[in-house]
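Have a look at the structure below, then the notes.
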Amino acid sequence: MTHRSVLVAGAGIAGPALAYWLHRHGLAATVVERASAVREGGQTVDLRGAGRAVVRRMGLERTLRTHATGEEGIRFVDRADEVKAVFSSGSFGGQGPVAELEILRADLSRLLYEETRPYTEYLFADEIAELSQSDARVRVAFRGSAERVFDLVIAADGARSPTRDLVFGGLDDAVDVRPVGLTTAYFTIPGEPGDGRWARWLNAPGGRVVTLRPDGRGTTRAALSFLTPPHTDESAEKLVPQAQKQLLHRVFREAGWETARVLAAMDTAPDFFLDRAVQIRMPRWSHGRVAVLGDAGYCPSPLSGMGTSLAFAGAYVLAGELAHHAHHEQAFNRYEEVLRPYAERAQKLPPGVPRVAMPRTRAGIRALHLALRAAARPRAVARLNRFLVPPADTFTLPCYSL
């Protein structure tokens with residue numbers, strides 16, 4: 001095998017998962033992460049379909065279950081906290097709006113780090129500044145440490161991957177960052193007894209949504225979402241955090257329900273983060289000795305419910321193909337051939353999403369609640385599957401000898 005050392009950018013989920021599988025196949029991984037330690041922020045993520053199958057093959061499912069949030073399902077409520085529709089975590093075979101296994105992103109990232117750090121070199125508080133490729137190696141200049149060479153580099157540092165952009169940014173039509181029409185602020189607020197173990201979702205007129213989710217830590221994860229034109233240059237994510245919070249106060253001040261509590265806690269939340277939801281489309285997932293993984297290459301957006309599953313499946317397939325091909329070009333080609341159909345299914349959002357779940361009028365909200373209540377009826381399940389059940393089970397993992 002000509003490829004021996006692999007530099008992975010990003011210590012979130014995809015990067016450490018790749019480090020795990022590379023090690024299983026006898027390949028060395030170094031993971032570089034801009035943050036000074038494993039990131040603590042982030043909301044709840046779910047494991048579905050192929051992603052959960054990978055976790056089982058890693059022998060980590062039981063460990064992850066012990067760190068699950070214990071979320072029992074989701075309730076759609078109105079301004080008076082009256083429940084309008086309910087889905088338990090077991091709805092749709094455990095693959096509905098709330099999956100049967102939900103875990104905080106920070107906990108999942110930390111568990112992957114702890115699993116891989118005995119055999120993986122981690123470079124925290126550093127990042128790739130420059131890359132130069134030759135036929136044989138990749139020369140990497142870091143911002144905080146000495147220059148090094150690697151056989152391969154994998155960009156696994158998120159939808160706005162600076163590593164990907166260093167390599168693909170100068171290539172025509174190489175990266176399509178596609179907004180899907182939604183902006184969301186995420187943060188943690190103090191828990192209250194009434195929060196319980198159910199997620200709660202409020203629709204407010206004007207295409208606004210407030211959600212509260214239990215996190216298993218005694219605090220509550222809040223999110224404020226609002227519709228935004230997909231092709232606008234005016235993005236709230238470009239504002240400084242204080243201006244973002246002021247904007248959210250203006251947008252949500254009359255939403256009712258628990259919103260006043262959420263806005264008050266937001267002002268001092270240490271993990272406040274606002275993001276415009278995007279998909280990443282790339283006609284090619286590799287260039288020379290550099291490839292993309294997870295959200296950096298094929299982010300399906302949070303609306304898909306598939307980002308974590310794609311990260312695990314991608315890491316598993318990429319490592320397996322690298323281990324079973326003598327040349328990296330063959331491995332990268334095969335990785336893309338195997339995984340791209342799954343990624344494209346994940347990116348194919350149901351018609352009207354996110355607008356269908358975020359009506360602008362009170363009449364539209366009433367119609368949404370009626371449709372959600374109908375979803376529990378056997379005849380309606382098949383029609384609503386495409387809206388409420390991500391295509392996580394539409395991929396069979398290849399088997400790679402270890």
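Computed from a prediction, not measured in an experiment: that's the story for all the values here. Any value given below was found using the heavy atoms of this structure, including those in side chains, with hydrogens, waters and symmetry copies removed. Residue numbers count from 1 along this sequence.
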Q | Results of side chain to side chain contact (heavy atoms under 4.5 Å, CB included) for Q330 - residues two or more places apart only | A |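 With sequence neighbours excluded, Q330 shows a side chain to side chain contact (heavy atoms under 4.5 Å, CB included) to H325, H327, given in chain and number order.
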Q) Who passes side chain to side chain contact (heavy atoms under 4.5 Å, CB included) against Q347, sequence neighbours left out? A)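 Residues passing side chain to side chain contact (heavy atoms under 4.5 Å, CB included) with Q347: Q279, R281, Y298, P300.
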Q: Measure the acute angle between the ring planes of Y400 and Y316, then classify it against the limits of 30° and 60° as parallel, tilted or perpendicular.
A: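 Rings of Y400 and Y316: tilted, 30 to 60°.
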With no hydrogens and no angle check, do the side chains of [X] and [Y] hold a donor and an acceptor under 3.5 Å apart?
X    : Y    : value
N203 : R366 : no
T116 : Y122 : yes
D151 : S5   : yes
D78  : W257 : no

Provide the closest heavy-atom pair for [X] versus [Y] in the form atom of the first, atom of the second, distance.
X    : Y    : result
L104 : T69  : N-CG2, 4.0 Å
L368 : P359 : CD2-CD, 3.9 Å
D215 : T220 : OD2-N, 3.9 Å
P354 : L303 : CB-CD1, 3.9 Å
W198 : I74  : CE3-N, 3.4 Å
L239 : Q244 : O-NE2, 3.1 Å

Q. In chain order, what residues pass the salt bridge (Lys or Arg N to Asp or Glu O under 4.0 Å) check against R117, with sequence neighbours excluded?
A.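 Listed in chain order: nothing, the list is empty.
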Would you say [X]'s side chain and [Y]'s backbone share a donor-acceptor pair under 3.5 angstrom?
X    : Y    : answer
R340 : E337 : no
R105 : V45  : no
R39  : A106 : no
E61  : R56  : no
R164 : A159 : yes
S109 : A11  : yes
E192 : G194 : no
T44  : E102 : no
Y342 : G314 : no
K84  : F76  : no

Nearest 0.5 Å, what's the [atom1]-[atom2] distance between [X] and [Y]?
X    : Y    : atom1 : atom2 : value
S286 : Y335 : OG    : OH    : 9.0 Å
L202 : I365 : CG    : CD1   : 7.5 Å
L7   : E121 : CG    : CD    : 9.0 Å
T183 : L247 : OG1   : CG    : 8.5 Å
Y113 : F124 : OH    : CZ    : 4.5 Å
L112 : L60  : CG    : CG    : 6.5 Å

Q: Determine, stepwise, if the pair E258 / I189 fulfils side-chain contact (heavy atoms from CB on, under 4.5 Å).
A: CA-CA 12 Å; E258 301 262 6; I189 67 174; over 6 Å; no
(Q) Under the criterion side-chain contact (heavy atoms from CB on, under 4.5 Å), I'd like the reasoning laid out for S134 against R289: C-alpha separation, chi angles, the key distance, then a yes or no. (A) CA-CA 9 Å; S134 68; R289 290 180 170 271; 5.9 Å; no
Note: [X]-[Y] ion pair, threshold 4.0 Å (strictly below):
X    : Y    : result
R200 : D195 : yes
R160 : D275 : yes
E344 : K348 : no
E40  : R217 : yes

(Q) Within the supplied structure, the quantity of interest is the number of heavy atoms (other residues, nucleotides, ligands) at a distance under 6.0 Å from E130 CD; does it exceed 12? (A)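 Not buried by this count: 12 neighbours or fewer within 6.0 Å.
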Q. With a cut-off of 6.0 Å (strictly less than), are more than 12 heavy atoms of other residues, nucleotides or ligands near CZ of R261?
A.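 Correct, the count exceeds 12.
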Are any of the side-chain heavy atoms of [X] and [Y] separated by less than 4.5 Å?
X    : Y    : value
D157 : V32  : no
E147 : S132 : no
Q133 : V167 : yes
F187 : V262 : yes
F312 : V55  : yes
L224 : L263 : yes
L248 : F226 : yes
D295 : I280 : no

Q) Out of R221, R197, R213, which one pairs with E71 under the side-chain hydrogen bond (donor to acceptor under 3.5 Å, both in side chains) rule? A)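 Going through R221, R197, R213 one by one, the side-chain hydrogen bond (donor to acceptor under 3.5 Å, both in side chains) with E71 is satisfied by R213 alone.
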Q: Apply the test side-chain contact (heavy atoms from CB on, under 4.5 Å) to residues F142 and I128: give CA-CA distance (whole Å), side-chain angles for both, the deciding distance (0.1 Å), then the verdict.
A: CA-CA 5 Å; F142 295 95; I128 299 171; 4.2 Å; yes
Q: Can you spot which of F332, W21, W285 makes a side chain to side chain contact (heavy atoms under 4.5 Å, CB included) with L318?
A: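 The residue from F332, W21, W285 that satisfies side chain to side chain contact (heavy atoms under 4.5 Å, CB included) with L318 turns out to be F332.
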Q | Verdict with reasoning, H25 to H324, per side-chain contact (heavy atoms from CB on, under 4.5 Å) | A | CA-CA 9 Å; H25 290 292; H324 288 80; 3.9 Å; yes
